[in-house]
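Working notes for the structure below.
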There are 2 protein chains.
Amino acid sequence: MKLHNFNSGPSILPQPVLEAASRAILDFNGTGLSILEIGHRTAWFQEILNEAISSVKTLMQLGDDHEVLFLHGGATTQFMQVPMNLLDENAMAAYCDNGIWGNKAHKEAALFGKVQVVSDTSDRKHSYIQKDFAIPSDASYLHITTNNTVEGTQWHQFPQTAVPLVADMSSDIFCRPMDFNKFALIYAGAQKNMGAAGVNMTVIRKDVLGKVSRKIPAIMDYSKHIAAGSLMNTPPVFAVYVSMLTLRWILNEGGLPEMEKRNRAKADLFYNTLDSLQEVYQPVVAKEDRSWMNAIFFLQKPSLEESFLNLCKQEGMIGVKGYRTVGGVRISMYNALPLESVQTFCDLMRHFASKNG
Amino acid sequence: MKLHNFNSGPSILPQPVLEAASRAILDFNGTGLSILEIGHRTAWFQEILNEAISSVKTLMQLGDDHEVLFLHGGATTQFMQVPMNLLDENAMAAYCDNGIWGNKAHKEAALFGKVQVVSDTSDRKHSYIQKDFAIPSDASYLHITTNNTVEGTQWHQFPQTAVPLVADMSSDIFCRPMDFNKFALIYAGAQKNMGAAGVNMTVIRKDVLGKVSRKIPAIMDYSKHIAAGSLMNTPPVFAVYVSMLTLRWILNEGGLPEMEKRNRAKADLFYNTLDSLQEVYQPVVAKEDRSWMNAIFFLQKPSLEESFLNLCKQEGMIGVKGYRTVGGVRISMYNALPLESVQTFCDLMRHFASKNG
């Protein structure tokens, strides 16, 4: 049976990436060594790292003000690392709490300095993105989560502010072109649109560094990682390699304009189907804030949820159960997910609706 | 040409591990999904994690007092994480500085509390392990690096002390049976004897936790990781999988007694050869402290070093150049390195000596 992988992360990767990664584990580029066995200070790995970094710079159209790092850990590590590097003990950072991950982010930041939650959308279960909130001009930075994996919302436009903008883009990085240069810091765990779990990419505009007085442990210090070119310690070699392959794939397919075209087509197909079947399915996210990456909905009759999920399972739809604390249904439509999978899912929704309408 | 992989880490892995890992990237256990695409909260990954943890417990013969975690990052992360969790601001930890890594470890610890270096072997370029040093009884813990990858020394016996013993075992974990229960905390980056870069294993005796007053960021808090069963956040799924496969290989081959037998045979062969060719090669490490894992030596005539290293390269010997700040020659003989590679290297040493003696 053909499987359709709607996992929220770790999630579907492009087939050419998997094939290259599988081959490299037996023999990396004809070296006779596995990618798992090569030293991180070899010219071989340096080439991998260089390509990964230059692909990011190309895709984001970054200038020399920004540095690209590949670091251990995922977004949860960055929840700590960002304030450790950017938020002084007596300073304040502004955070948007639009869901589970933004909430975790500002709670970690509060260990390092003052935190002001400038947008909190819990009044409507984080089913929308607030646009009209005030940003204190003395904030060290404003932190947003550009896509809320659990709640199914996405920022389609960004706040205009003079305050440095910090974004967790873990679940929508590289889904479309955008003005990446307006961000002071961007981080993303790789395991959604950019590779396998075990590495995160952090893009930093250098002028925001060096402004805190605390002593930062070496492994957490962005400046030290920049000085060492992401090679301060043994990096997660294989995870960086898979990111490099995934970035290469994005570029080969046509870059971010092509990703936007595909993601828009998938999102349009899915949400149009959802909206047309509201006697059975309940959309919950404000239309203008719907995520292209993670779509959530409920069954109008909660008693039908289990049979819907069972049907999905029977038909080879993987990862469609809503997040453990939310319930309902969620499909993730990352870059590597083909339109065909969304089409098949929509057919199933229609079929189920016709039987249970 | 047959390659011989003497890399110091990332380093040689068992062929069955590479084959299984390569297959799993295309199709994990017949699921139709790649190991890179499965969710970390699936029963599939839980089984991988369970097997990895139970293999560690079996190999170390640990009781219920100890917990086994697989965490992001390597030893450099633990240099920070250990004192963050175990060393209160006004308390003191004792550290042995027997080389580059122990030195980095105590420098990180000093960011969190007081540090007393109780053994410093820099007087003889860290070419030995000091046995007769005093350990203050009020130390929160004593930290040692059981094997010094760069300097080629290894602790073959451990200090007797009532102070909790913390060990960085990154480069000799599972090289032989030992009384692991005497350690309060053991950590090891996986990329030498236990898998691929991008994950570390930390074994903790639970009674040492909960004794510091600082607030610990979630991702750094051992107690939170224990409570979440190593699943507090998205773990480095593939790196954990490769560790599980490597641990399974160790058990299948005969466990730690068999690893000891093999490692002793390789070390004996190499060091006997080295000692017999001292007109050309200069051993530098005290005999009783020589590492089974990383053997270092110099050419008696430094002018011959380059031609020796070139010959190694010609003959397919990978990773034999000494550490960048030390120079000379280093071969790493981790668990997965076959005796045949050491034999081939010794033959080359003899051949080179006969031409240049």
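Throughout, a chain's letter reflects where its sequence line sits, starting with A, and its residues are numbered from 1.
Among B:A24, B:A196, B:G73, B:G198, the residue making the largest number of heavy-atom pairs under 4.5 Å with chain A is B:G73. Annotation: maximal heavy-atom pairing with chain B below 4.5 Å, among A:V240, A:L111, A:V17, occurs at A:L111. Annotation: maximal heavy-atom pairing with chain B below 4.5 Å, among A:V237, A:I318, A:L33, A:L71, occurs at A:L33. Across B:V242, B:I38, B:V199, the residue that shares the most heavy-atom pairs under 4.5 angstrom with chain A is B:I38. Residue with the most contacts toward chain A among B:P217, B:P236, B:A197: B:P217 (heavy-atom pairs, distance under 4.5 Å).
Taking CG of A:L337 as the reference point, atom CG of A:L13 lies at 11.5 Å (rounded to 0.5 Å). Rounded to the nearest 0.5 Å, atoms CG (A:L26) and CD1 (A:I35) are 12.0 Å apart.
Within the 4.5 angstrom heavy-atom criterion, only side-chain atoms of A:F112, from C-beta onward, approach chain B. Of the atoms belonging to A:A21, heavy atoms from both backbone and side chain fall under 4.5 Å from chain B. Contact annotation for A:L18: both backbone and side-chain heavy atoms come within less than 4.5 Å of a heavy atom of chain B. Heavy-atom distances place no part of B:M1 under 4.5 Å from chain A, backbone and side chain included. For B:A218, the parts lying near chain A are the backbone and the side chain together; criterion is any non-hydrogen pair under 4.5 Å. Contacts between A:I216 and chain B at a heavy-atom distance below 4.5 Å involve the backbone alone (N, CA, C, O).
Inter-residue side-chain proximity for B:F238 and A:P10 is flagged as unmet; no heavy-atom pair is nearer than 4.5 Å. The shortest side-chain heavy-atom distance between A:M80 and B:M220 falls under the 4.5 Å cut-off. You'll find the side chain of A:I48 reaches within 4.5 Å of the side chain of A:F28, heavy atoms only. With a 4.5 Å cut-off on side-chain heavy atoms, B:M201 and B:M194 count as touching.
Scanning for side chain to side chain contact (heavy atoms under 4.5 Å, CB included) contacts around A:A336 gives A:I12, A:P14, with sequence neighbours left out. In this structure B:F6 satisfies the ring pair (Phe, Tyr, Trp, His ring centres under 6.0 Å) test together with B:F345, sequence neighbours excluded.
A:A110 and A:V115 make their closest contact through N-CG2, 3.6 Å (heavy atoms, listed as atom of the first residue, atom of the second, distance). Scanning all heavy atoms of the two residues, the minimum distance from B:L87 to B:A109 falls at CD2-O, 3.8 Å.
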What are the sub-3.5 Å donor-acceptor pairs between chain B and chain A, distances to 0.1 Å?
residue : atom : partner : partner atom : Å
B:N5    : ND2  : A:E37   : O            : 3.4
B:N7    : ND2  : A:E37   : O            : 2.9
B:L13   : N    : A:E37   : OE2          : 2.9
B:S22   : O    : A:S22   : OG           : 2.8
B:S22   : OG   : A:S22   : O            : 2.8
B:S22   : OG   : A:S22   : OG           : 3.0
B:E37   : O    : A:N5    : ND2          : 3.4
B:E37   : O    : A:N7    : ND2          : 2.9
B:E37   : OE2  : A:L13   : N            : 3.0
B:E108  : OE1  : A:A218  : N            : 3.0
B:E108  : OE2  : A:A218  : N            : 3.3
B:Q191  : NE2  : A:T234  : OG1          : 3.4
B:A218  : N    : A:E108  : OE1          : 3.0
B:A218  : N    : A:E108  : OE2          : 3.3
B:T234  : OG1  : A:Q191  : NE2          : 3.4

